[in-house]
*Asks:* 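This is the structure, below, for whatever I ask next.
All values reported here derive from a predicted model rather than from experimental measurement.
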Amino acid sequence: WANEIILMTSGTTGDAKLVIYDGKAICAQVLTTRGILKQSKSITHNRKLQIKLLALLPFYHIFGLSAVFLWFTFFGRTLVFPTALDADAIRFACKRGEVTHFFAIPAVWSMAVKGLLAEAKKQGKEEKLRKGVKISNKLQNISPKFGLFVAKKLLFKDVRDKIFGTSVSFCISGGGFLTDEAVEILNGIGYSMHVGYGMTETGITAVELSDKPKVRNLNTVGLPLDAIEYKITDDGVLCVKGDLLHKAIITEDGIKERDPEEFFVTEDSCKVLNCGRWSLQGRQDDIIIREN
């Protein structure tokens, strides 16, 4: 066990599994950030180099372990821990800790957008909010830095203060389906929403890194990270290969070693858009039918 980390699947499918990673794969998780840094300065830089990441995701979940713990402790950045998981505690942690980076599952973002729209509708300002979001996204497309400044400091400063605070500037959603509407609104109000993709069995394999909302609003996961290979089967299922994937899986039937030369079949339906970016359509083995 000295060279292994064991993770349990998140429970989105009916079969419980324990996933084994060895030291080489864990190192590979960190090394994939090399390509991220080349494409996106905003993920590891801000004006004062005081990145503070909200530690909302548990470190026994692949998203929390890889993207929060491994990546950002390797970069020597600050982690801010909320005292509880309710909305008020999360909002307080973001404001008090001056959180700049916020990674979470889609449910967190969906609830935030749903609450924002409900409050805007209650005040008779929903149409004004949606128009402001479209103007903000267009401005960010023309000039990403200036447009983001306008969204954060002028158009939506008060709105941001009521959601997760004004300091949050880089967000990643992963672990499930996020609606196009949520992505568009979060980008419009200046939270810079980036959709990523990974599994307990694969680690983090992709994240959209464009600085323009018109690309992020496509709701794709961007391109595969360094040293990751993607392919799609004839029936539309995404397959992944790379050093950062699991070593073996434990089920009630025993231990199954992964062949590093073979692609891992994710069971996720996927397609490549005309722009070359990868779009996840849903899981083929879902036991719960949702809007995707």
Side-chain angles (χ1 to χ4, degrees), residues 29-30 32-59 61-83 85 87 89-113 140 144-145 147-149 151-153 156-157 159-161 163-175 178 182-183 185-198 203-213 215-216 221-222 225:
Q29 287 282 326
V30 176
T32 56
T33 60
R34 179 166 43 196
I36 295 176
L37 301 182
K38 291 178 181 178
Q39 295 183 59
S40 173
K41 292 183 178 180
S42 58
I43 194 172
T44 53
H45 293 77
N46 60 7
R47 188 167 58 88
K48 297 181 180 180
L49 291 179
Q50 293 178 335
I51 285 178
K52 297 179 179 179
L53 184 68
L54 186 68
L56 180 67
L57 294 161
F59 295 163
H61 186 284
I62 189 63
F63 193 7
L65 175 67
S66 185
V68 179
F69 182 73
L70 291 176
W71 288 2
F72 282 85
T73 52
F74 185 78
F75 296 146
R77 302 309 189 202
T78 301
L79 299 182
V80 176
F81 292 84
T83 56
L85 299 180
I90 292 172
R91 188 179 300 111
F92 177 79
C94 287
K95 291 183 178 181
R96 180 68 180 272
E98 297 181 332
V99 168
T100 60
H101 289 46
F102 189 163
F103 302 170
I105 59 174
V108 174
W109 310 117
S110 296
M111 289 173 63
V113 170
Q140 290 182 59
K145 288 185 177 180
L148 194 57
F149 173 83
K152 293 166 65 175
K153 301 296 184 181
F156 296 106
K157 183 177 180 180
V159 171
R160 289 163 54 85
D161 187 61
I163 304 177
F164 298 123
T166 58
S167 59
V168 175
S169 58
F170 193 98
C171 303
I172 296 181
S173 178
L178 184 61
V183 175
I185 290 176
L186 290 165
N187 279 323
I189 64 177
Y191 278 144
S192 296
M193 175 53 62
H194 301 252
V195 177
Y197 175 74
I204 310 303
T205 63
V207 60
E208 177 56 70
L209 295 170
S210 175
D211 62 353
K212 295 186 176 182
V215 178
R216 299 199 303 271
V221 298
L225 299 180

*Asks:* Is there a side chain to side chain contact (heavy atoms under 4.5 Å, CB included) between V113 and S110 once you walk through the steps?
*Replies:* CA-CA 5 Å; V113 170; S110 296; over 6 Å; no
*Asks:* Looking only at heavy atoms, what is the nearest atom pair of V168 and C171, with distance?
*Replies:* CG1-SG, 3.6 Å
*Asks:* Does any part of the side chain of F81, heavy atoms only, come nearer than 4.5 Å to the side chain of L54, both counted from C-beta?
*Replies:* no
*Asks:* Take atom CZ in F59; do more than 12 heavy atoms of anything else shown fall under 6.0 Å from it?
*Replies:* yes
*Asks:* Should L53 and T78 count as side-chain neighbours, where that means a heavy-atom distance under 4.5 Å?
*Replies:* no
*Asks:* Got I172 and V195 here, is their nearest side-chain heavy-atom distance under 4.5 Å?
*Replies:* no
*Asks:* Apply the ring-ring contact (aromatic ring centres under 6.0 Å, His included) test between F102 and each candidate in F170, Y191, W109; give the one that qualifies.
*Replies:* W109
*Asks:* Which distance, rounded to the nearest 0.5 Å, do you find between the CG of L148 and the NZ of K212?
*Replies:* 14.0 Å
*Asks:* In Å, rounded to the nearest 0.5 Å, how long is the span from CG of L56 to CD1 of I105?
*Replies:* 8.0 Å
*Asks:* Please round to the nearest 0.5 Å and tell me the distance separating atom CD1 of I204 and atom OG1 of T33.
*Replies:* 12.5 Å
*Asks:* How far apart are the closest heavy atoms of V68 and A55, and which atoms are they?
*Replies:* CG1-CA, 4.4 Å
*Asks:* Apply side chain to side chain contact (heavy atoms under 4.5 Å, CB included) to H194 and R216, showing your working.
*Replies:* CA-CA 6 Å; H194 301 252; R216 299 199 303 271; 3.5 Å; yes
*Asks:* Given H101, which of F164, F75, F72 fulfils the ring-ring contact (aromatic ring centres under 6.0 Å, His included) condition?
*Replies:* F72
*Asks:* So T166 and K157, do their side chains get closer than 4.5 Å, heavy atoms only?
*Replies:* yes
*Asks:* Do F103 and L57 touch side chain to side chain, with heavy atoms closer than 4.5 Å?
*Replies:* yes
*Asks:* Mind checking whether L209 and I36 have side chains closer than 4.5 Å, heavy atoms only?
*Replies:* yes
*Asks:* Please report the shortest heavy-atom distance between G188 and A151, naming the atom on each side.
*Replies:* O-CB, 3.7 Å
*Asks:* Is it the case that the side chains of S66 and Q29 hold a donor-acceptor pair, with the cut-off being a distance below 3.5 Å and no angle test?
*Replies:* yes
*Asks:* Test side chain to side chain contact (heavy atoms under 4.5 Å, CB included) on T100 and Q50; report intermediate values, then the result.
*Replies:* CA-CA 8 Å; T100 60; Q50 293 178 335; over 6 Å; no
*Asks:* For E208, check side-chain hydrogen bond (donor to acceptor under 3.5 Å, both in side chains) against everything at least two apart and list the hits.
*Replies:* T220, R277
*Asks:* One pair to check against side chain to side chain contact (heavy atoms under 4.5 Å, CB included): L178 and M193. What are the steps and the verdict?
*Replies:* CA-CA 11 Å; L178 184 61; M193 175 53 62; 4.2 Å; yes
*Asks:* Any side-chain heavy atom of S192 within less than 4.5 Å of one from S169?
*Replies:* no
*Asks:* Assess the pair Y197 and F63: is the distance between their ring centroids shorter than 6.0 Å?
*Replies:* no
*Asks:* Rounded to the nearest 0.5 Å, what separates atom CG in L70 from atom OG1 in T32?
*Replies:* 9.5 Å
*Asks:* For the pair K95 and D161, find out whether any cationic side-chain nitrogen is under 4.0 Å from an anionic carboxylate oxygen.
*Replies:* yes
*Asks:* Could you give the distance from SG (C94) to CD1 (I163), rounded to the nearest 0.5 Å?
*Replies:* 11.0 Å
*Asks:* I need the S167 OG to R160 CZ distance, nearest 0.5 Å.
*Replies:* 8.0 Å
